[in-house]
Amino acid sequence: MKFSVRRIWQYTLIVAMLVLVIGIAIDKRDVRHYADRMERLMADGDYEGALHVGERSDKTDRRLMLLRIDALGHLHQLGDRLFTYPLTGHSGSLAQRGGDYALCACLIDKQLDRFVHLLPKYYPSTENLPHHYREALVLYNHLRANPALVYHDDVMDTDYRDLKQLERQYSDRRARQMAVFQQYEKTYWYYFGYK
């Protein structure tokens, strides 16, 4: 049986497309399974258990993201743990819920000026701020020449400078993103710069 190079390429392309479609279908099924399991656990009041569902997966969708936000909100840990999970899209109506939901909505939408404007309403003092809020303030203070809210955290300022130094080591964007991902994946800084 005789095959032409063109026919071999056609078969290879068909097989590659099938693998891609099957992979997408499996990812969607996994995400749907995670969301269904989270809903059952949250209905039983097991918010921490719900947050462990699919926590090692980098796959998500809007439903799964909102379930994680609700679970974190019930545990009062939105500002400390939100960016340790994959996020997708915009915050939508999250801001209407007020408090940490509104602050996290600003961060999801990368609206640092709005975040800084709202922060004193919910946190009159910058002492003991949640982790991601401190990251956002450090970022904001490095991005603005005249910040509306001046904030310093010696440890986080050093970490942020280390991040910027790491970025300067790579001229290729993909290599830079991978290097930053390996060290800063679960930070607001990574989300802000690469998502």
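No experiment lies behind these values; they were computed from the predicted model shown.
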Nearest-0.5 Å distance that lies between atom CG in L149 and atom OG1 in T126: 6.5 Å
Of all pairs that satisfy salt bridge (Lys or Arg N to Asp or Glu O under 4.0 Å), the ones with a partner from residues 109-129, not counting sequence neighbours: D113-R144
Atom of C106, atom of L118 and distance for their closest heavy-atom approach: SG-CD1, 3.8 Å
Side chain to side chain, L82 and Y191, heavy atoms closer than 4.5 Å: no
Residue pair A179 / L166: nearest heavy atoms and the distance that separates them: O-CD2, 3.7 Å
Under 3.5 Å donor-acceptor, D46 side chain and M42 backbone: no
side-chain contact (heavy atoms from CB on, under 4.5 Å) assessment of L119 paired with L137: CA-CA 10 Å; L119 186 67; L137 285 176; 3.7 Å; yes
Spacing of CG belonging to L64 relative to CZ belonging to R32, to within rounding of 0.5 Å: 12.0 Å
Any side-chain heavy-atom pair of L41 and Y47 under 4.5 Å: no
Sequence neighbours excluded, every pair satisfying side chain to side chain donor-acceptor pair (under 3.5 Å) that has a member inside residues 169-185: Q177-Y190
Partner set under ring-ring contact (aromatic ring centres under 6.0 Å, His included) for H76, not counting sequence neighbours: none
Sub-6.0 Å ring centroid separation between Y188 and H132: no
Chi angles and distances behind the side-chain contact (heavy atoms from CB on, under 4.5 Å) call for F181, M178: CA-CA 5 Å; F181 174 83; M178 183 54 69; 4.2 Å; yes
K59 vs D30, side-chain contact (heavy atoms from CB on, under 4.5 Å): CA-CA, chis, key distance, verdict: CA-CA 8 Å; K59 306 293 185 242; D30 287 348; over 6 Å; no
Verdict with supporting geometry, D70 and R97, salt bridge (charged side-chain N to carboxylate O under 4.0 Å, His left out): CA-CA 11 Å; D70 281 340; R97 296 171 73 177; 2.8 Å; yes
Note, L103 side chain near Y123 side chain (heavy atom, < 4.5 Å): yes
From CG (L87) to SG (C104), nearest 0.5 Å: 9.5 Å
CD-CG distance between E135 and D153, expressed to the nearest 0.5 angstrom: 10.0 Å
Exam field: side chain Y140 to backbone A148, donor-acceptor pair closer than 3.5 Å: yes
Side-chain (D58) to main-chain (Y85) donor-acceptor, under 3.5 angstrom: no
Shortest non-hydrogen separation from L107 to A136 and the atoms involved: CD2-CB, 3.5 Å
Neighbour count above 12 (heavy atom, 6.0 Å) for H52 NE2: yes
Taking every non-hydrogen atom, the tightest pair across Y101 and G73: OH-CA, 3.3 Å
Residues E167, R161: salt bridge by 4.0 Å N-O rule: no
Same cluster (ILVMFWY, side-chain, under 4.5 Å), V150 and F115: no
Carboxylate-amine/guanidinium contact R63 D36, below 4.0 Å: yes
From R68 atom CZ to T84 atom OG1, the distance as rounded to the nearest 0.5 Å: 8.5 Å
Polar contact flag, side-chain donor to acceptor under 3.5 angstrom, D100-Y133: yes
Worked verdict on T187 versus F192 for side-chain contact (heavy atoms from CB on, under 4.5 Å): CA-CA 9 Å; T187 66; F192 188 88; over 6 Å; no
R62 (side chain) donor-acceptor with H90 (main chain) under 3.5 angstrom: yes
Side-chain heavy atoms of Y34 within contact of L67, under 4.5 Å: no
Nearest heavy atoms of P86 and T60, plus distance in Å: O-CG2, 3.7 Å
Over all atoms of both residues, closest heavy-atom pair of L139 and Y160: CD1-OH, 3.3 Å
NZ-OG1 distance between K195 and T88, expressed to the nearest 0.5 angstrom: 9.5 Å
